[in-house]
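The structure under discussion appears below in the form of C-alpha cells.
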2 protein chains.
Amino acid sequence: MAGAHTGAMDLVVWRTFVTVCRLGSLSAAAAELHHTQSAVSRQIAGLERQLGVPLVERHARGVRPTPAGEAFRRHAQATLAEADRAVRAAREAGDGGAVRPLAVGATPSLAAQIVPAAVRGVLEAAGPVRWSLLPALSGQLHARVAAGDLDVGVVTDAPPGLPQDARVERRFLGLDEMVVVLPVGHPLAGPGPLPIAALAGRTWAEDNEGSAALLRRHAARAGVTARVDLAAADLPGKLALVATGHAVALVPGVLRAALRADVTAVPLVDPPSRGVYAITPRREPHPYAALLLDRLAACAAEGGLAPAAGRPAGPLPAPRAAPAAGARAQTA
Amino acid sequence: MAGAHTGAMDLVVWRTFVTVCRLGSLSAAAAELHHTQSAVSRQIAGLERQLGVPLVERHARGVRPTPAGEAFRRHAQATLAEADRAVRAAREAGDGGAVRPLAVGATPSLAAQIVPAAVRGVLEAAGPVRWSLLPALSGQLHARVAAGDLDVGVVTDAPPGLPQDARVERRFLGLDEMVVVLPVGHPLAGPGPLPIAALAGRTWAEDNEGSAALLRRHAARAGVTARVDLAAADLPGKLALVATGHAVALVPGVLRAALRADVTAVPLVDPPSRGVYAITPRREPHPYAALLLDRLAACAAEGGLAPAAGRPAGPLPAPRAAPAAGARAQTA
DNA sequence: CGCCGGCCATGCGCGCCCTGCAGGGCAGCC
DNA sequence: GGCTGCCCTGCAGGGCGCGCATGGCCGGCG
C-alpha cells in the first residue's frame with residue numbers, strides 16, 4: 001500500500017494529455033474532445049504543476065512531449081487501459097455475470113442516427129452486450145422508462161414537453177436544430193444560414209403535425225407564413241416531394257447525414273430547435289446505462305447537436321466527463 | 001484506443017473505495033482519509049451510480065464488497081499502482097534523470113515534527129531522493145524560497161505575518177493551536193480544554209518573544225494577565241522549568257508528541273493559533289515539491305493541526321486531494 | 001423485549017474549481 | 001513586414017463536492 005497520494009488524479013485529464021500527445025496540438029485535442037483550447041491548456045498546465053515537471057514543449061506549430069511527458073504518456077495509457085478494465089470488470093460482475101439486455105428506446109429521428117452510433121461505442125467498450133431498440137414518441141418512451149420497461153430513453157422536449165417524474169433521471173444531450181431541405185440545385189441551396197423569410201411563399205411538405213406546428217410557429221415569429229400544402233406519410237415520402245421539386249421541408253438536424261443524395265440541407269438563422277434528453281429510471285438502472293449516456297453525449301456532440309446555446313433557460317449541461325460538448329473549438 | 005470514456009474517473013474516489021474495502025467501514029475509511037463519513041458515503045454512492053452496479057452491501061455493522069465490488073477493487077488497485085508508476089516515471093524523467101536535491105526549510109517546531117514525517121512519505125513514494133533541511137524563522141525562509149534557494153518552506157503566519165510575494169506559491173496546511181504544558185500530576189492536568197483564566201497568576205516561562213507576545217495577547221483577551229517571569233534559551237530549557245515545577249508554558253500543539261515524559265500538554269479553550277503554510281517558488285518548482293506538499297498536508301492533519309476552523313477569514317483549505325484534513329470524523 | 005449505540009443515508013448551504021469567453025503575445029510563413 | 005495560427009491568461013458564471021446536521025436502520029445488551 002504505497003499510495004503516492006499525489007493529488008487529484010482525474011483520469012479525464014490524463015486522457016486529455018494522451019490525446020494531446022497523439023495529435024501534437026492542444027487545439028486539435030480540444031476539438032476532438034469537444035472542449036475549448038483554453039480548457040485543454042489549463043488541464044495540461046495543471047498536470048505539469050502537479051507533477052512538477054514540464055510535459056510538453058510549447059512550439060509555435062503545436063506541442064511536442066518532453067522526455068518526461070513521453071514516459072508519463074506510456075504509463076498513463078497503461079493506467080487508462082487498466083481503469084477501463086476495472087470499470088468493465090465491475091459491470092460484468094454486476095448482475096452475477098448475466099447482464100440483462102439493454103432496452104433502449106428513442107424517437108424515430110434519433111433512433112436513425114445517434115443512438116446506433118452510441119450503442120456501437122458501448123459494444124466496443126464493454127464487449128458483447130445484448131440490446132434492443134424501440135422507436136416511439138417521447139411521451140410513450142417516458143412512460144415506459146418510468147415503469148422500468150426501458151433502461152434508456154432518448155427523447156425530445158418537442159411540442160408537449162417532457163413530464164416531470166421523480167422516477168426518471170434526465171440528462172441533457174444537446175439541442176437539435178431543424179434544417180431546411182431543398183432539392184439539389186435549388187437557387188437558395190448553399191452553405192450559409194438562411195432566414196426563414198427567404199422561403200416565404202414556398203410550398204412546404206410535412207409528415208407530422210408536431211413538426212408542422214413547429215414550422216408555423218417559427219415562420220410566424222419571423223413575420224411570414226408557411227403554407228403546409230402537401231402531406232407525407234413519413235420521412236421518405238416527405239423527402240421525395242422535396243427531391244421532385246414539389247415542396248421544401250423542415251427536418252431535424254440530426255438527420256442531415258441520412259438524407260438522400262438529391263436533396264441538400266440548409267441551416268436556418270435562429271432555427272427552431274428541440275432539446276434532446278436521455279432518460280433513465282432511477283430505480284435499478286442498467287449497469288451499462290451510465291456508459292451509454294456518456295457515449296450518447298459524445299455522439300450527440302459529434303452528430304451536430306448544439307450545446308444548449310439557448311439563451312433563456314439553459315438546461316443542465318451534462319457532467320464534466322463530456323461537458324456538454326463545449327461549443328466547438330473557440331477558433332471556429 | 002478503446003477509451004471507454006466512462007465519466008469523471010477521479011482516482012481519489014477509487015482510492016477511497018479501496019480503503020473502504022480494506023477497512024470494511026465507511027466511517028473508518030473516512031477517519032483514515034481525513035474525510036467526513038458523509039463525503040465517503042457520497043463518493044461510494046457516486047461510484048456505484050457511475051458504474052451502474054452496487055459495489056458494497058450496506059450492513060448495520062459496516063459494509064462488505066459485493067462480487068462486482070471485489071472485482072472492481074482488484075483492478076482499481078492495479079490502476080492505482082500503475083498511476084503511481086506513471087507519476088513516478090514522469091518525475092524521474094523530469095530533470096533528465098538527475099533530480100537535484102530537494103531543499104526544504106522549516107521553522108524549528110515544524111522541522112521537529114511534521115516535516116521529517118512528510119519527507120519520509122516522499123521517500124517511500126518516490127524512492128531515494130537526496131534532500132536537506134534548513135531550520136530558520138519564517139521570514140528568512142520566505143526570502144530564500146522567493147530567491148529560489150529553497151524548494152519548499154514550511155512556515156507560520158505567527159506575529160509579523162507572511163509577506164505577499166508573487167514569486168511564491170502558498171498553500172495552507174492547517175492551524176497550529178498552542179497548548180499549555182504542565183508538570184505531570186499538576187492539579188489542572190487533565191484531558192479537557194482549559195480556560196486560560198484558570199491559569200491566571202501562574203508563573204510562565206518563555207524562550208521566545210514572539211511566543212510570549214502571543215501568550216500575553218491571549219490572556220488579555222480573556223481579561224487576565226500572564227506574568228512571564230522566567231526566560232529560557234530554547235524549548236528544552238523551557239520544558240525543564242516546567243518539569244521542575246517552576247512555571248507553566250505555552251508550546252505549539254505540533255510539539256505535543258515530542259515533549260518529555262514528565263510534563264503533560266493540555267489544550268486551551270479558544271487557543272491562540274498560528275496558520276501553518278507550505279511555500280514554494282513559482283519559478284521552476286522542484287519535481288517533488290508538489291508531492292511533498294501533499295504529504296505535508298496529510299501529516300499536518302495526522303499531526304493534530306486543525307483545519308482552519310478559524311471563523312474570521314478561513315484561508316485556502318488546501319486542494320481536494322487531501323482536503324484540509326476535514327475536521328476529524330464527525331463522530332468525534 | 002425494549003433501550004441504546006453505532007453506522008449509513010440525505011437535505012441544506014457554502015465555497016472551490018473548472019469552464020467558456022475575450023484579449024494578448026509570439027513564432028513561422030508568404 | 002504583415003499575416004495567420006497557436007498558445008497563455010484575466011474575468012465571470014455555474015456545477016458539484018464537501019461539511020454539517022438530522023433521520024432511519026440494525027444488532028447488541030441488559
Side-chain angles (χ1 to χ4, degrees), chain A residues 7-8 10 12-13 16 20 23-31 33-50 56-64 171-172 307-309 311 313-332, chain B residues 7-8 10 12-13 16 20 23-31 33-50 54 56-64 166 171-172 307-309 311 313-332:
Chain A
D10 189 340
V12 172
V13 175
T16 300
V20 166
L23 299 178
S25 155
L26 301 193
S27 308
L33 298 169
H34 305 289
H35 284 301
T36 57
Q37 178 270 331
S38 167
V40 173
S41 173
R42 288 172 198 274
Q43 283 185 0
I44 302 302
L47 199 55
E48 289 176 321
R49 197 177 55 245
Q50 182 181 31
V56 292
E57 295 170 0
R58 272 73 170 176
H59 199 260
R61 209 86 196 123
V63 298
R64 243 166 45 92
R171 173 165 166 178
F172 180 71
R311 52 215 68 89
L316 40 155
R320 78 175 46 165
R328 231 66 199 182
Q330 68 192 46
T331 58
Chain B
D10 188 341
V12 172
V13 176
T16 300
V20 166
L23 299 178
S25 156
L26 301 193
S27 307
L33 298 170
H34 305 290
H35 284 301
T36 57
Q37 176 268 329
S38 167
V40 173
S41 173
R42 287 172 199 277
Q43 283 184 1
I44 302 302
L47 199 55
E48 289 176 322
R49 197 177 54 244
Q50 182 181 31
V56 291
E57 295 171 1
R58 273 74 171 174
H59 200 262
R61 210 85 195 123
V63 298
R64 240 166 48 90
R171 171 165 167 178
F172 179 71
R311 51 215 70 87
L316 41 155
R320 77 173 47 164
R328 230 68 200 180
Q330 67 191 47
T331 59

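Here the structure is a predicted model, which means the values were calculated and not measured. Letters go in sequence order (proteins before strands), and every chain restarts at 1.
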ask   = Nearest to the side chain of B:Gln43 - D:dC18, C:dC21, C:dC7?
value =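 Minimum distance to the B:Gln43 side chain belongs to D:dC18.
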What is the distance from [atom1] of [X] to [atom2] of [N], rounded to the nearest Å?
| X | N | atom1 | atom2 | value |
| --- | --- | --- | --- | --- |
| A:Leu23 | D:dC7 | CG | C1' | 16 Å |
| A:Leu26 | C:dG20 | CG | C1' | 16 Å |
| B:Arg61 | C:dC4 | CZ | C1' | 12 Å |
| A:His34 | C:dG20 | NE2 | P | 12 Å |
| B:Arg58 | C:dA9 | CZ | P | 4 Å |
| A:Arg64 | C:dG28 | CZ | P | 13 Å |

key: Residues forming a salt bridge (charged side-chain N to carboxylate O under 4.0 Å, His left out) with B:Arg58, sequence neighbours excluded   =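 Once residues adjacent in sequence are excluded, the partners of B:Arg58 under the salt bridge (charged side-chain N to carboxylate O under 4.0 Å, His left out) criterion are B:Glu48.
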query = So, is A:Ser41 close to the D:dC7 phosphate, meaning a side-chain N or O under 4.0 Å from OP1 or OP2?
reply =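 It does not, given that no N or O in the side chain of A:Ser41 lies less than 4.0 Å from OP1 or OP2 of D:dC7.
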query = Between B:Ala28 and A:Ala39, who's closer to the 5' end of DNA chain C by nearest nucleotide?
reply =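 It is B:Ala28, whose closest nucleotide lies nearer the 5' terminus.
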ask   = Roughly how far, to the nearest 0.5 Å, is CG of B:Leu26 from CZ of B:Arg42?
value =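 Answer rounded to 0.5 Å: 12.5 Å.
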query = Taking for each residue the nucleotide of DNA chain D with the nearest heavy atom, is it A:Arg42 or A:Gly62 whose nucleotide lies nearer the 5' end?
reply =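 Per heavy-atom nearest nucleotide, the more 5' residue is A:Gly62.
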First encountered from the 5' end of DNA chain D, between A:Ala60 and A:Ala45 =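 So the residue in question is A:Ala60.
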key: Nearest atoms (heavy-atom pairs only) where A:Val40 meets A:His35   =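 It is CG2-CB, 4.1 Å.
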Base [N] paired with [X] side chain (donor-acceptor, <3.5 Å):
| X | N | value |
| --- | --- | --- |
| B:Gln37 | C:dC7 | no |
| B:Ser27 | C:dC8 | no |
| B:Ser38 | D:dC20 | yes |

task = Return the set of residues passing side-chain hydrogen bond (donor to acceptor under 3.5 Å, both in side chains) with A:Arg64 (not counting sequence neighbours), or none when no residue passes.
result =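 Applying side-chain hydrogen bond (donor to acceptor under 3.5 Å, both in side chains) to A:Arg64 gives none.
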